[in-house]
Amino acid sequence: MSDVPQMSFTYPMPGLRLAEGRDRAQHSRAGFRVAGSTVVFRCPADGLCHGRACQVLGLLASAVVVRRLQRKMARRAVPGRRGALATALLPLPGLGAPLPAAAEAGAEATKGPRVPLEVPRILVGCWQLLERERSEEAAIATLTAYADAGFRTFDTADIYGPSEEILGDFRKGYVASHGGDGGLRFFTKYVPVLDSSLETAREVNKHSREMLGVSSLDVVQYCWYGPYLPGHVEAGKQLQQLQAEGSIQHLAGCNYDVAHLRELVEAGVPIEVNQVQFSLLDLRPENGMLEFCASHGIKLVCFGTVAGGWLSDKYLGAPAPPFLPGELQEGTASKKLYHDSLVAWAGPLGWDLFQDLLRALRAVADKHGTNIATVASAWVQRRLDDTCGGGVIVGVRDATHLADLVALRSTRLDDDDMKQLRQVLSRGWKPLGDVWDRERPPFAFVYPFLQLQYWPILASAYFGPLLLRDLRRLITR
């Protein structure tokens with residue numbers, strides 16, 4: 001098993017080979033290690049930030065480390081130039097270096113018509129496989145239980161620590177014990193660090209295929225750190241080239257907003273799916289994404305449908321949690337992440353409104369003989385059925401919720417259910433922005449100033465010290 005934690009960002013460097021010993025140790029400190037031709041940035045929060053810190057730290061620090069490695073290699077490659085920067089300095093893809101020409105002929109090189117992607121209504125999410133029990137054997141047993149129950153599509157990523165590696169071991173064992181893969185499919189991801197080169201896309205693709213034990217990746221969901229930064233269309237074209245070569249079967253987006261998803265589509269990148277966050281607490285896909293995807297034949301696969309467990313019977317009638325940011329809340333990484341969605345809809349003091357939503361969900365659950373979490377996911381499925389189609393991703397750590405997923409298969413909300421839930425939703429704050437706007441820089445830093453429900457907090461933070469100062473003066477007179 002790899003020692004990579006639950007969240008890491010890889011920066012492939014084709015041709016990079018560091019000698020064992022001092023060089024490798026020197027560049028393995030401070031959260032980095034060198035694995036073959038790849039520099040791996042390890043999340044300092046062990047994945048609990050879900051990439052928020054890594055999006056900034058990994059991007060900047062990886063560039064610095066890789067640049068230093070390149071300079072050292074260049075000095076060694078040129079005799080007599082040990083103390084100076086060699087003229088043969090390798091370019092750092094995506095950061096000032098000229099980008100290779102995009103694979104314009106990618107689609108034309110594809111032989112024969114491509115079979116459209118079939119998206120199941122339920123996908124098994126593998127971000128946090130090792131969060132509860134750091135055991136590969138236990139994780140494989142969990143995956144096997146879900147596959148045996150008929151859930152054979154798994155969502156993963158090379159940045160999810162050892163997730164791809166575990167899935168590869170699971171697939172190998174499953175094929176051996178079942179006489180075939182039984183239709184196992186893996187939706188993985190490509191998350192380049194502002195690098196739109198074909199070389200990097202090819203290297204990451206090769207790594208994912210090796211980890212998963214497949215000759216061609218079923219689906220690659222492409223995520224660019226910030227679509228507003230240059231290079232995302234060029235990187236999408238490189239994936240299109242790999243698809244034409246047979247290394248990828250289907251292309252998808254991940255956390256793409258409407259404007260930049262449109263750019264990919266208009267550039268001819270055959271995006272069939274976009275993975276987004278969508279739940280009763282996060283309605284941002286209703287700000288144009290559902291309509292755009294429906295009109296362009298793109299399906300959605302949605303994560304966060306139960307908001308990390310907030311949308312469950314556990315919190316019905318429970319006291320309000322401490323008045324703290326999501327990262328400081330107790331509980332799982334998912335619970336911390338989706339606390340922001342709860343606050344964005346209900347407001348920082350909206351626990352009573354949230355309880356009204358849970359009570360409405362409980363009423364619908366009683367009608368269907370199930371629980372709140374199942375109804376929450378079924379609500380997203382119904383919204384997809386009414387618009388663009390797609391499925392929901394339900395993250396797993398063990399087989400505890402397997403019965404809930406089985407129940408979700410047969411749970412269909414009717415118009416009365418949807419109306420009842422919408423009445424409560426309309427009392428909350430309307431969603432601001434497009435998908436994933438508030439999570440990525442620079443919007444993440446200004447988002448609290450744009451949401452009216454945060455203004456009391458901001459006002460108290462500013463005026464609170466002033467009021468305390470005046471009170472202190474009155475007391476000391």
With no hydrogens and no angle check, is any side-chain donor or acceptor of [X] less than 3.5 Å from a backbone partner on [Y]?
{"X": "Glu136", "Y": "Pro162", "answer": "no"}
{"X": "Asp434", "Y": "Val258", "answer": "yes"}
{"X": "Ser163", "Y": "Tyr160", "answer": "no"}
{"X": "Asp313", "Y": "Ile372", "answer": "yes"}
{"X": "Gln221", "Y": "Val273", "answer": "no"}
{"X": "Lys189", "Y": "Thr156", "answer": "yes"}
{"X": "Gln355", "Y": "Leu316", "answer": "no"}

For this session: Determine the sole option in Glu245, His207, Gln241 for which the side chain to side chain donor-acceptor pair (under 3.5 Å) test with Arg202 is passed.
Result: Glu245
Problem set entry | Residue from Lys419, Gln420, Lys367 passing side chain to side chain donor-acceptor pair (under 3.5 Å) with Asp414 |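 By the side chain to side chain donor-acceptor pair (under 3.5 Å) criterion, Asp414 pairs with just one of Lys419, Gln420, Lys367: Lys367.
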For this session: For the residue pair Phe303 and Tyr338, categorise the inter-ring angle as parallel (less than 30°), tilted (30 to 60°) or perpendicular (more than 60°).
Result: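 Correct class here is tilted.
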Closest heavy-atom pair and its distance - [X], [Y]:
{"X": "Leu358", "Y": "Ser312", "answer": "CD2-O, 4.1 Å"}
{"X": "Thr374", "Y": "Ala407", "answer": "CG2-C, 4.3 Å"}
{"X": "Leu425", "Y": "Leu280", "answer": "CD2-O, 3.2 Å"}
{"X": "Leu402", "Y": "Ala149", "answer": "CD1-CB, 3.8 Å"}
{"X": "Leu432", "Y": "Arg284", "answer": "O-CD, 3.7 Å"}
{"X": "Ala378", "Y": "Leu408", "answer": "N-CD1, 3.7 Å"}

Inter-residue atom distance [X].[atom1] - [Y].[atom2], 0.5 Å rounding:
{"X": "Asn205", "Y": "Ser247", "atom1": "CG", "atom2": "OG", "value": "4.5 Å"}
{"X": "Asp148", "Y": "Leu143", "atom1": "CG", "atom2": "CG", "value": "11.0 Å"}
{"X": "Arg121", "Y": "Thr153", "atom1": "CZ", "atom2": "OG1", "value": "13.5 Å"}
{"X": "Arg171", "Y": "Arg185", "atom1": "CZ", "atom2": "CZ", "value": "13.5 Å"}
{"X": "Thr370", "Y": "Leu361", "atom1": "OG1", "atom2": "CG", "value": "11.0 Å"}
{"X": "Glu164", "Y": "Leu212", "atom1": "CD", "atom2": "CG", "value": "4.5 Å"}

For this session: Check the pair Trp224 / Val191 against side chain to side chain contact (heavy atoms under 4.5 Å, CB included), numbers first and verdict last.
Result: CA-CA 6 Å; Trp224 192 251; Val191 191; over 6 Å; no
Exercise. Would His178 and Tyr174 satisfy ring-ring contact (aromatic ring centres under 6.0 Å, His included), going step by step from the backbone distance to the final call?
Worked result: CA-CA 6 Å; His178 291 71; Tyr174 195 86; 3.7 Å; yes
Exercise: do [X] and [Y] side chains pair donor with acceptor under 3.5 Å:
{"X": "Ser197", "Y": "Gln238", "answer": "no"}
{"X": "Asp282", "Y": "Ser279", "answer": "no"}
{"X": "Asp158", "Y": "Ser208", "answer": "no"}
{"X": "Asp155", "Y": "Gln275", "answer": "yes"}
{"X": "Tyr256", "Y": "His232", "answer": "yes"}
{"X": "Arg438", "Y": "Ser341", "answer": "yes"}
{"X": "Asn255", "Y": "Gln277", "answer": "no"}
{"X": "Ser216", "Y": "Gln249", "answer": "yes"}

For this session: Kindly determine whether Gln128 and Ser334 satisfy side chain to side chain contact (heavy atoms under 4.5 Å, CB included), including the steps that lead there.
Result: CA-CA 9 Å; Gln128 298 171 281; Ser334 293; 2.5 Å; yes
Exercise. Are there more than 12 heavy atoms of other residues, nucleotides or ligands under 6.0 Å from atom NZ of Lys172?
Worked result: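 At most 12 heavy atoms, drawn from other residues, nucleotides or ligands, come within 6.0 Å of this atom.
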Exercise. For atom CD of Glu286, is the number of surrounding heavy atoms from other residues, nucleotides or ligands below 6.0 Å larger than 12?
Worked result: yes
For this session: Among residues two or more places apart or on two chains, list those pairs meeting ring-ring contact (aromatic ring centres under 6.0 Å, His included) that have a residue in residues 354-376.
Result: Trp351-Phe354
Seminar exercise, completed: residues 262-286 vs ring-ring contact (aromatic ring centres under 6.0 Å, His included), sequence neighbours excluded, gives Phe278-Trp379
Problem set entry | Derivation of the ring-ring contact (aromatic ring centres under 6.0 Å, His included) call for Phe154 and Phe170 | CA-CA 11 Å; Phe154 302 87; Phe170 152 68; 5.4 Å; yes
Donor-acceptor contacts, no H, no angles, side chain residues 294-301, under 3.5 Å, sequence neighbours left out:
| residue | atom | partner | partner atom | Å |
| --- | --- | --- | --- | --- |
| Ser295 | OG | Glu291 | O | 3.3 |
| Ser295 | OG | Phe292 | O | 2.9 |
| His296 | ND1 | Phe292 | O | 2.9 |

For this session: Output, in order, the C-alpha distance, side-chain angles, deciding distance and verdict of side chain to side chain contact (heavy atoms under 4.5 Å, CB included) for Leu384 and Cys302.
Result: CA-CA 9 Å; Leu384 297 179; Cys302 304; 4.0 Å; yes
For this session: Carefully, step by step, assess Val124 and Val394 under the rule side chain to side chain contact (heavy atoms under 4.5 Å, CB included).
Result: CA-CA 5 Å; Val124 178; Val394 180; over 6 Å; no
Exercise. Would Thr200 and Asp195 satisfy side-chain hydrogen bond (donor to acceptor under 3.5 Å, both in side chains), going step by step from the backbone distance to the final call?
Worked result: CA-CA 7 Å; Thr200 293; Asp195 185 348; 2.6 Å; yes
Problem set entry | Carboxylate-amine/guanidinium contact Arg382 Asp415, below 4.0 Å |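 The answer is yes: the pair qualifies as a salt bridge.
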